[in-house]
Amino acid sequence: MAKILKLNKISKVADKEFPSSYTLTEECDQPDGIILRSFKMHDYPLADSLLCVARAGAGVNNIPLDKCADKGVVVFNTPGANANAVKELAVCMLFMCGRRIAPSLTWSQSLKGTADIGKQVEDGKKAFIGGEVMGKTLGIAGLGAIGSKLAQAAFALGMNVIGYDPHITEERRKSIHPDLKVVSLEELFKQSDFISLHVPYLDSTKNMVNANSIATMKDGVNIINCARGELVDNAAIVEAVKSGKVNRYVTDFPCEEVLGVDGIIATPHLGASTPEAEDNCAYMAAKQMVDFIENGNIVNSVNYPALSKERTAARRLCVCTKDVDSIKALLEKQGVNVADMAEAHRGAYGYAVVDLNCNCTADKFNGVAGILKARFIG
């Protein structure tokens, strides 16, 4: 019986994916798996029993990936599960940039209880004139699950779309839209009327929108950030908005520096906050955990290589390694029959599954150099 610890409230869709033999709990000292959303795990103790951690979402900054990997704990995320929800918010933000929707709403509410509201509306609406998005150029930094959906939506709105993604293939570009142009990040900044950020937060992407990059952009550019607050230098964006260089900055990550600034609109991290997105993420996270716990298969891990293999024997040996060039050779030295085996590597970390007909236990691998965790299934 596997024990699954929930560190956040998770959609009940996940409960249906776990077999009846599993125990789902909010308190457990020795869980087999952990499922979470935003809970910060960096100071959280990792039990010896822990096999995997599943993030019901895409970002994993709240999980200590290297610490988990060094203990043989596989970390999953759910890429694409909330992509449509974030795409729809980004489209909404496009319109909020082009039209002065946010300030107009506040002004309209202020008319309550005053005289001749209809006349005030007709007289006052000129203060909220905005532009249309059709025919404008949208630059999308990051053409993954979210960025690609946004590109397709923008084309449908009649926009010109350019994108930046260092990993995109020509086949992938065509599948998004045949008219999509892929350019350098520098060219994207220069050519775009609207810029939408959809890249992960890494050392290389921190403050990618800064004083220097803003200076290369068009006057009156609009910037949308549904990815990570750290991608934008807050001091630089505030100064650019106040000067008029940036027409509008719309972010899903409110913070002290950007709040209360005219021309900056901040939503309270609404990107994936839809029942549909939460259900999709929970379903995917639970499904991946069950497949790993019961079959040893790894799909959508962020710290171990992907590896899936059909079961061909009564028992399966699963092994997590570090700094081992050939897991096959290492297991052969331990007397394991590796005739029916698959292995994969991701940087220093490796993973292997071996299907066996034997009664040996995982204890024989304790203390073997290079082996972080070994277990038998079945």
Side-chain angles (χ1 to χ4, degrees), residues 1-8 10 14 17-19 22-24 28 30-37 39-42 44-81 200 281-311 315-324 327 330-331 341-355 362 365-366 368 370-378:
M1 179 184 293
K3 298 184 288 278
I4 306 299
L5 175 62
K6 297 191 290 186
L7 293 180
N8 289 111
I10 304 294
E17 289 305 308
F18 290 111
Y22 283 53
T23 299
L24 277 69
C28 183
Q30 293 293 318
D32 298 285
I34 290 175
I35 186 169
L36 75 163
R37 295 178 65 199
F39 184 94
K40 292 178 172 56
M41 282 191 64
H42 289 280
Y44 194 82
L46 302 180
D48 292 337
S49 62
L50 189 62
L51 301 175
C52 59
V53 174
R55 164 74 162 92
V60 289
N61 300 83
N62 56 318
I63 302 171
L65 302 183
D66 291 343
K67 179 181 175 182
C68 288
D70 285 338
K71 294 203 68 173
V73 176
V74 177
V75 179
F76 302 100
N77 69 345
T78 58
C281 290
Y283 167 79
M284 186 182 293
K287 186 175 182 180
Q288 291 168 177
M289 293 179 77
V290 171
D291 194 20
F292 177 68
I293 292 170
E294 298 192 355
N295 300 306
N297 294 326
I298 296 180
V299 179
N300 291 329
S301 173
V302 292
N303 65 345
Y304 271 91
L307 191 154
S308 294
K309 182 180 181 299
E310 290 188 11
R311 295 280 290 271
R315 304 194 75 204
R316 169 166 283 190
L317 171 64
C318 304
V319 182
C320 295
T321 66
K322 184 177 183 181
D323 296 327
V324 175
I327 305 176
L330 178 62
L331 294 178
M341 173 183 170
E343 74 173 273
H345 297 264
R346 179 175 182 161
Y349 299 98
Y351 182 69
V353 294
V354 189
D355 287 336
F365 303 104
N366 291 339
V368 175
I371 295 182
L372 299 173
K373 182 170 287 187
R375 67 182 175 112
F376 276 98
I377 304 172

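Along the sequence shown, residues are numbered consecutively beginning with 1.
- Residue pairs meeting the salt bridge (charged side-chain N to carboxylate O under 4.0 Å, His left out) criterion with at least one partner in residues 285-301, sequence neighbours excluded, are absent.
- For His42 (side chain) and Asn61 (main-chain N/O), a donor-acceptor pair under 3.5 Å exists by modelled atom type.
- Remark: side-chain polar atoms of Arg346 are paired, donor with acceptor, to backbone N or O of Ser301 under 3.5 angstrom.
- To the nearest 0.5 angstrom, Cys52 atom SG is 4.0 Å from Met289 atom CE.
- The side-chain heavy atoms of Phe18 and Thr23, taken from C-beta on, include no pair separated by under 4.5 Å.
- With contacts defined as side-chain heavy-atom distances shorter than 4.5 Å, the pair Pro31/Ile4 does not qualify.
- Inter-residue side-chain proximity for Tyr349 and Asn303 is flagged as unmet; no heavy-atom pair is nearer than 4.5 Å.
- Nearest heavy atom pair, residue Glu343 against residue Ile327, reads OE1-N, 3.2 Å.
- Tested against Phe365, the residues Val319, Leu317, Leu372, Leu330 include a single side chain to side chain contact (heavy atoms under 4.5 Å, CB included) partner, Leu317.
- Contact detail for Ala285 and Ile35: the closest heavy-atom pair is CB-CD1, 3.9 Å.
- For residues 44-67, the ring pair (Phe, Tyr, Trp, His ring centres under 6.0 Å) pairs, not counting sequence neighbours, are Phe39-Tyr44.
- The backbone N or O of Asn295 sits less than 3.5 Å from a side-chain atom of Arg316, completing a donor-acceptor pair.
- For the atom pair CG of Leu5 and CG of Leu36, the computed distance is 9.0 Å after rounding to the nearest 0.5 Å.
- Arg55 contributes a side-chain N or O that, together with a main-chain N or O of Arg37, makes up a donor-acceptor pair within less than 3.5 Å.
- By the 6.0 Å contact criterion, CD on Gln30 is enclosed, its count of non-hydrogen atoms from other residues, nucleotides or ligands being greater than 12.
- Screening Asn77, Asn300, Val299 for a side chain to side chain contact (heavy atoms under 4.5 Å, CB included) involving Met284 leaves a single residue, Asn300.
- In this structure, CZ on Arg375 lies 12.0 Å from OG on Ser49, to the nearest 0.5 angstrom.
- Residue Pro305 comes nearest to Ile298 through the heavy atom pair O-CG2, 3.3 Å, listed as atom of the first residue, atom of the second, then distance.
- Listed by first then second residue, pairs satisfying salt bridge (charged side-chain N to carboxylate O under 4.0 Å, His left out) with a partner in residues 57-81 read Asp48-Lys71, Asp70-Lys322, not counting sequence neighbours.
- Nearest heavy atoms, Gly296 versus Ile377: N-CD1, 3.5 Å.
- Residue Lys40 holds its NZ atom at 12.5 Å from CG of Leu7, rounded to the nearest 0.5 Å.
- The backbone N or O of Ala286 sits nowhere less than 3.5 Å from a side-chain atom of Glu17 that would complete a donor-acceptor pair.
- The shortest non-hydrogen separation linking Tyr304 to Val73 is CE1-O, 3.9 Å.
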After noting the C-alpha distance and the side-chain angles of Met1 and Asp32, does the key distance pass the side-chain contact (heavy atoms from CB on, under 4.5 Å) rule? CA-CA 9 Å; Met1 179 184 293; Asp32 298 285; over 6 Å; no
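- When every heavy atom of Ile63 is checked against every heavy atom of Cys68, the shortest pair comes out as CG2-SG, 4.2 Å.
- In this structure, OH on Tyr351 lies 7.0 Å from CG on Asn297, to the nearest 0.5 angstrom.
- Using modelled atom types, no side-chain atom of Tyr283 and backbone atom of Ala81 make a donor-acceptor pair closer than 3.5 Å.
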